[in-house]
Amino acid sequence: MSDIPVIEVKSSQVETKSGTSRAGNPYTIRKQRGLFRVGEEIRVVEIPLSDAQPPYEPGRYTPSVRSYSVGDFGALILRRLVLVPLPKAA
C-alpha cells in the first residue's frame, strides 16, 4: 500500500462545457476524468484543464508541489491541480 497520491488517467478525452455566466460573460470549462488512489481508497475525480492546455495522456500521475500552498493561517490549500507523471513500473 502506498501513501503517495496517485491519479490514473485512462483516456485523453476532454469534456468541454461552454456557456454564458449570469453576468453575461462567456466561459468554457475543460476537464478530464481520472481515478484517485490513496492506499486502498479509489475515487473518480475531475482534472481541470486550462484553455490551451493539452490533455494528459493515459498514465499514472501525482499532484505537483505547485498544486498546494499554505494559507494565511497555516492551513494547507489545494490549488488548481497540476499533475506530474510517475515513472513507469519496471
Side-chain angles (χ1 to χ4, degrees):
M1 174 169 61
S2 174
D3 290 333
I4 298 171
V6 175
I7 296 177
E8 187 173 351
V9 175
K10 297 281 194 179
S11 168
S12 58
Q13 179 180 354
V14 175
E15 297 176 34
T16 303
K17 179 181 177 184
S18 299
T20 305
S21 71
R22 292 181 185 163
N25 300 318
Y27 69 87
T28 300
I29 299 171
R30 300 176 64 240
K31 61 188 174 185
Q32 279 180 273
R33 293 198 184 272
L35 296 175
F36 178 68
R37 301 172 189 261
V38 175
E40 299 297 319
E41 186 173 347
I42 300 172
R43 302 274 178 128
V44 176
V45 294
E46 294 181 351
I47 304 163
L49 301 171
S50 64
D51 290 338
Q53 181 181 358
Y56 290 101
E57 293 296 321
R60 293 167 35 99
Y61 298 83
T62 194
S64 165
V65 294
R66 297 182 318 197
S67 299
Y68 305 98
S69 67
V70 177
D72 294 338
F73 300 103
L76 182 64
I77 298 171
L78 180 62
R79 299 288 183 188
R80 178 172 279 276
L81 184 62
V82 176
L83 300 179
V84 292
L86 289 171
K88 296 192 188 300

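Sequence positions, counted from 1, serve as the residue numbers for this chain. Quick caveat: nothing in here was measured; it's all calculated off a predicted structure.
Using a 4.5 Å cut-off on side-chain heavy atoms (C-beta onward), Phe36 and Ile42 make no contact.
No path of Ile, Leu, Val, Met, Phe, Trp and Tyr side chains, each step under 4.5 Å between heavy atoms, connects Ile29 with Val14, placing them in separate hydrophobic clusters. The same ILVMFWY cluster, assembled from side-chain heavy atoms under 4.5 Å apart, contains both Val9 and Val45.
Listed by chain and number, the residues in a side chain to side chain donor-acceptor pair (under 3.5 Å) with Tyr61 amount to none (sequence neighbours excluded). With sequence neighbours excluded, the residues satisfying salt bridge (Lys or Arg N to Asp or Glu O under 4.0 Å) with Arg33 are Glu15, Glu46. With sequence neighbours left out, Asn25 forms a side-chain contact (heavy atoms from CB on, under 4.5 Å) with Ser21, Ala23. Residues passing the side chain to side chain donor-acceptor pair (under 3.5 Å) test with Ser69, sequence neighbours excluded: Arg79. Partners of Glu41 according to the salt bridge (Lys or Arg N to Asp or Glu O under 4.0 Å) rule, which considers only residues two or more places apart in sequence or in another chain, are Arg43.
How far CG of Leu35 is from NZ of Lys10: 6.0 Å, rounded to the nearest 0.5 Å. Note: Ile47 CD1 to Ile7 CD1 = 5.5 Å, rounded to the nearest 0.5 Å. Atoms CD1 and CG, from Ile77 and Asp72 in turn, are 7.5 Å apart once rounded to the nearest 0.5 Å. In this structure, OH in Tyr27 is found 7.5 Å from OG in Ser18, a value given to the nearest 0.5 Å. A distance of 13.5 Å separates NZ in Lys31 from CG in Leu81, rounded to the nearest 0.5 Å.
Nearest heavy-atom pair across Ser64 and Val84 is CB-CG1, 3.8 Å. Closest of all the heavy-atom pairs between Pro55 and Ser12 is CB-O, 3.3 Å.
Annotation: salt bridge (charged side-chain N to carboxylate O under 4.0 Å, His left out) contacts involving residues 52-63, sequence neighbours excluded, are absent.
Side-chain atoms of Arg30 come within 3.5 Å of backbone atoms of Ser50 as a donor-acceptor pair (strictly under, hydrogens ignored).
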